[in-house]
Amino acid sequence: RDRYQRRVHGECRIRKKESLFETMTYFPGISAVKYEGPTSRNPLAFKYYNAEEVILGKPMKEWFRFAVAWWHTWTGRGAEPFGSATREFPWDKEGGSPVEIAKRRVLVNFEFMEKLGVDYFCWHDRDVAPEGATLEESNKILDEVVAVIKSEMKRTGKKCLWGTANLFSNKRFMCGASTNPDPHVWAYGAAQVKKAMEITKELGGENYVLWGGREGYQTILNTDLKSELDHFATFLKAVRDYKQKIGFTGQLLIEPKPREPTSHQYDYDAATVIGFLTQHGLHNDFKLNLEANHATLAGHTGEHEVEMAVTNKMLGSIDANHNEAMLGWDTDMFPTDVKMATMIMRAVVRQGGLAPGGFNFDAKLRRESVDVEDLFIGHIGGMDTYAKALRAYAELAKDGIWEKLIADRYAGYKVAGSIGAKIEAGTVTLEEAAEFIAAHPQDPTPKSGKEEVFNGLLNVYC
């Protein structure tokens, strides 16, 4: 008990003959996860992720920059729309005040990261520390817990990928934060973001994320759409300005999602957010944090959203997960779709990586998974999915078949002096197009898209 008290108050020191960390563990039966290769059947070993192995010119760990999500991993207890919590892990059963439990979870998180071999974590302010009666009290509690986080970061060398503020759980935000019809709530949300940005900077965070879970409406009947969108833009401009004022050098990110909990969110998908940022002159200040699960809710695929962002030079980071298509809500499952991940890695490789972003596991255990080891197995599976995808794309890139097939489809735009070359250069006029058709009156011959060839190739490499 005394040792625990010393650690949670930021006094984690290595002593001559005794490390406080070595004297206690929250995962006593689990060793550091190792790479054992694709023939391994050990659920607590990597089959494809080998952190230091160089693929396409970089170690795997640099391509991925994997991160543990504080909310799902340490505060998720298996609840869903039709049932309450199904699990309570040992560290929460030890009891204590909400602040003591929050500090204990810090120790659990960093031991988990060390054993899993993950270098980064991500957090919301209200997952890390409980909320107080006032914002001032909440900030003091957050500072108290952050002191322990800083101590553990120093001890382990682990880093903060990004931080953010929870502007959706408390009832004050039931009608949104930056789009709320009440300016008092707008100001409260802005003050909460101010503190979260300061903490992110204090922790050396490399990004700051805004997810507008309630920045939208339930019904258009009571909504002043223009007013809400204008206030949203003003909020983002204030965030940009404060970043510059405090000297935060990290990347600002917006995470699109089309709905849930609102029926319509303003940051609907990648294309919508890119258009909104461009309209308000913010496209050089923000990039996107994309999630495959949110893409599904928008009627897209994860790879579509990533391609849209890369094409517009707006991809900043990725929340790695996928959705259960049979259900209508945000299921946040650990990624297991290697084909989708391969297409995502194709786009990530094309832009040279994600840094300063990374792959954050915004994923949670299934409601029926109640064992401590399941936390490791879920993350291992997600890391292996993307590692296998990177290996698959590396082979595809080496063989060159995929890219050649795509180049052949668009070859008509590369012929010097042709109508296609003028279209590619953006210099063609409608008159020139009409003249071309007059000179070539025959109907264009349809050319096969060869979708079956591409699907077959993906099967071969994945």
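Quantities reported herein were computed from a predicted structural model and do not represent experimental measurements. For the single chain, residues carry numbers from 1 onward in sequence order.
Put simply, the side chain of K450 never gets that close to the backbone of I406: no donor and acceptor are under 3.5 Å apart. At distances below 3.5 Å, not a single donor-acceptor pair connects side-chain atoms of N207 with backbone N or O atoms of G250. With hydrogens and angles ignored, the 3.5 Å screen pairs a side-chain donor or acceptor of R259 with a backbone N or O of L297. Between the side chain of D384 and the backbone N or O of K47, at least one donor-acceptor pair lies under 3.5 Å. Checking side-chain atoms of S263 against main-chain N and O of Y217 turns up a donor-acceptor pair under 3.5 Å. Checking side-chain atoms of N293 against main-chain N and O of N321 turns up no donor-acceptor pair under 3.5 Å. Judged by distance alone, the side chain of N360 and the main-chain N or O of D319 form no donor-acceptor pair under 3.5 Å. A distance-only check finds a donor-acceptor pair linking the side chain of Q218 to the backbone of P261 [under 3.5 Å]. Counting only distance, with no hydrogens or angles, the side chain of E111 and the backbone of T25 share no donor-acceptor pair below 3.5 Å. With D267 contributing its side chain and V273 its backbone, the two residues share no donor-acceptor pair below 3.5 Å.
Side-chain atoms of D269 and T272 include a donor-acceptor pair closer than 3.5 Å. E215 and T179 are linked by a side-chain donor-acceptor pair at a separation below 3.5 angstrom, with hydrogens and angles left out of the test. Checking K339 against N459 by side-chain atom types alone, a donor-acceptor pair falls below 3.5 Å. Side chains of D399 and Y461: a donor on one and an acceptor on the other come within 3.5 Å.
If you look at H124 and F168, their ring centroids are closer than 6.0 Å. A distance of 6.0 Å or more separates the ring centres of F89 and Y26. Within the 6.0 Å centre-distance limit, the rings of W74 and F112 are counted as a close aromatic pair. Aromatic rings from F27 and W91 are positioned such that their centres are separated by under 6.0 Å. Here H280 and F276 bring their ring centres to under 6.0 angstrom of each other. Residues H379 and F66 keep their aromatic ring centres 6.0 Å or farther apart.
Between D408 and K404 there is a salt bridge, with a side-chain nitrogen of the basic residue lying less than 4.0 Å from a carboxylate oxygen of the acidic one. One finds no salt bridge joining R367 and E324 here, because no Lys/Arg side-chain nitrogen approaches an Asp/Glu carboxylate oxygen to under 4.0 Å. Salt-bridge formation is not detected for the pair R391/E395: no Lys NZ or Arg NE/NH1/NH2 atom is positioned less than 4.0 Å from an Asp or Glu carboxylate oxygen. For the pair K257 and D330, the salt-bridge criterion is met [side-chain N within less than 4.0 Å of a carboxylate O]. A salt bridge does not link R41 to E36: none of the charged nitrogens lies less than 4.0 Å from a carboxylate oxygen. Here K150 pairs with E202 in a salt bridge; the nearest charged N to carboxylate O distance falls below 4.0 Å. Under 4.0 Å is where a charged nitrogen must lie from a carboxylate oxygen, and between E403 and R350 no such pair does.
Contact annotation: the side chain of H300 never approaches that of M308 to less than 4.5 Å [non-hydrogen atoms, C-beta and beyond]. A 4.5 Å side-chain heavy-atom check between F376 and P43 finds every atom pair outside the cut-off. The closest side-chain heavy-atom distance from D127 to R105 is not below 4.5 Å. Contact of the K103 side chain with the L107 side chain is not registered, since no non-hydrogen atoms from C-beta on lie closer than 4.5 Å. Counting heavy atoms from C-beta on, the side chains of L277 and L236 come closer than 4.5 Å. For the pair W71 and C122, the minimum side-chain heavy-atom distance is below 4.5 Å. Using a 4.5 Å heavy-atom cutoff, the side chains of F121 and L161 are not in contact. Between K195 and D125 the shortest side-chain heavy-atom distance does not fall below 4.5 Å.
Shortest non-hydrogen contact noted between A102 and A129 is CB-CA, 4.4 Å. The two residues W123 and V128 come nearest to each other via the heavy atoms CB-CG2, 3.4 Å. Considering every non-hydrogen atom in both G357 and Q251, the closest pair reads N-NE2, 4.2 Å. Contact between T342 and L458 at its shortest, heavy atoms only, is CG2-CD1, 4.3 Å. Summarising the geometry of W63 relative to G352, their closest heavy-atom pair is CZ3-C, 3.8 Å, with the distance given to 0.1 Å.
Residue-environment remark: NZ (K422) stays at or below the threshold of 12 foreign heavy atoms within 6.0 Å. Annotation for Q244: atom CD counts as buried by contact number, over 12 foreign heavy atoms lying within 6.0 Å. Residue-environment remark: OH (Y413) stays at or below the threshold of 12 foreign heavy atoms within 6.0 Å.
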Side chain to side chain contact (heavy atoms under 4.5 Å, CB included) evaluation trace for V193 with Y208: CA-CA 10 Å; V193 167; Y208 184 84; 3.7 Å; yes
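Among the candidates K158, R65, K159, the single residue satisfying the salt bridge (Lys or Arg N to Asp or Glu O under 4.0 Å) test with D119 is K158. Remark: of the listed residues T331, D332, T296, D337, T331 is the sole one forming a side chain to side chain donor-acceptor pair (under 3.5 Å) with N323.
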